[in-house]
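All residue numbers refer to positions in the sequence shown, counting from 1.
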Amino acid sequence: MLVVLGEDHKRLRNLALALVTSTKLKPSYLGDIEKIALHIVGSWHGKSKDKGRVNVIAFCEEARKFAFSVIVKQVLGLSPEEPVTAMILEDFLAFMKGLISFPLYIPGTPYAKAVQARERISSTVKGIIEERRNAGSSNKGDFLDVLLSSNELSDEEKVSFVLDSLLGGYETTSLLISMVVYFLGQSVQDLELVKREHEGIRSKKEKDEFLSSEDYKKMEYTQHVINEALRCGNIVKFVHRKALKDVRYKEYLIPSGWKVLPVFSAVHLNPLLHGNAQQFQPCRWEGASQGTSKKFTPFGGGPRLCPGSELAKVEAAFFLHHLVLNYRWRIDGDDIPMAYPYVEFQRGLPIEIEPLCSES
């Protein structure tokens, strides 16, 4: 979906929107996200790397597990406990490492490993599709049911689209959650405001009662933090575009066929558009539009606006809810996000965590 144009892109985008719609309409949608968040956060108890009594975790790895488990559940109907989920994740990590690498197929290179991993993932997904077909009607209500009911794509295209969906719902979402934790780890004041907001939401619910869509709407300051993490973190720094005809922009002429790279970070960090642009200040979003604009395009825009943008924010908010209510944390040592070529933390964002006395 990243490279196709015209009617082909419109067709695939409609399928992507069907994924988002089918996901949001599922009664268990929010519950699935929260169960997975609880599963990941709960697994940290007693998880230590021999640093005294304080547990140290590689947060980026945990965020990836969470985001991948959510998207696999929504797309393929698989739970985190199923062995096939762990198998797909292992292959997917190898696929990601070689996705943008020198395309030289020599055994042992990242590119060769990525090609092999994609073949294994394709084989696994084909097996799941075949099993679903042989079982007849399915009541899982996941996106695979929607995809199998479509006659617009061949089986090979359906497998490829599943991989696109996994990629889109995994990498950027997990990095968004890591960015939120990174910036909050450097701002005690904002962390305290987020914690108070979630304590207020939890205080009005019964013990073990799941969050609702109304609770999500109350996470206003959390949304400010997520938006500011997107602006400062610039998870997607630029996109590749091509002029299909001569385009005149102000005093410039972009000839047909020329490549264009809109750089989002140049807009997000422009001091003429955002006061104190280099500073993490979630309060700047109070009273501001929460959607995309010409000054804020973390999910792109126009016909190529990311269809899963709201899903990513829900996942980040729900994960943060259980993190701040169950743990104190601080970043262990120095680690900063670097673009290489994806934005990533060189040390995996190790954080020291300490369970709070009363768990939520």
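- The ring pair (Phe, Tyr, Trp, His ring centres under 6.0 Å) analysis of residues 183-208, with sequence neighbours excluded, yields the pairs Phe183-Phe280, His198-His321.
- With rounding to the nearest 0.5 Å, the separation of CG in Leu325 from CD in Glu199 is 6.5 Å.
- The neighbour count for Glu251 CD, taken as heavy atoms of other residues, nucleotides or ligands under 6.0 Å away, is above 12.
- Relative orientation of the His274 and Trp285 rings is tilted, given thresholds of 30° and 60° on the angle between their planes.
- The shortest heavy-atom contact between Pro255 and Leu253 is CD-O, 3.3 Å.
- With no hydrogens or angles considered, a side-chain donor-acceptor pair links Glu82 and Ser79 at under 3.5 Å.
- Note on ring orientation: taking the six-membered ring where Trp is involved, the planes of Phe92 and Phe95 are tilted (angle from 30° to 60°).
- The aromatic rings of Phe319 and Phe66 are tilted relative to each other, their planes meeting at an angle between 30° and 60°.
- Residues Lys218 and Glu214 are not paired through a salt bridge, judged by the lack of any N-O separation under 4.0 Å between the basic side chain and the carboxylate.
- The residues Lys126 and Glu130 are annotated as not salt-bridged, no charged nitrogen and carboxylate oxygen being separated by less than 4.0 angstrom.
- A salt bridge is absent between Glu61 and Arg64: the closest approach of a Lys/Arg side-chain nitrogen to an acidic carboxylate oxygen does not fall below 4.0 angstrom.
- Side chains of Ser122 and Arg118: a donor-acceptor N/O pair is present below 3.5 angstrom, by distance only.
- Side-chain N/O atoms of Asn227 and Lys313 include a donor and acceptor closer than 3.5 Å.
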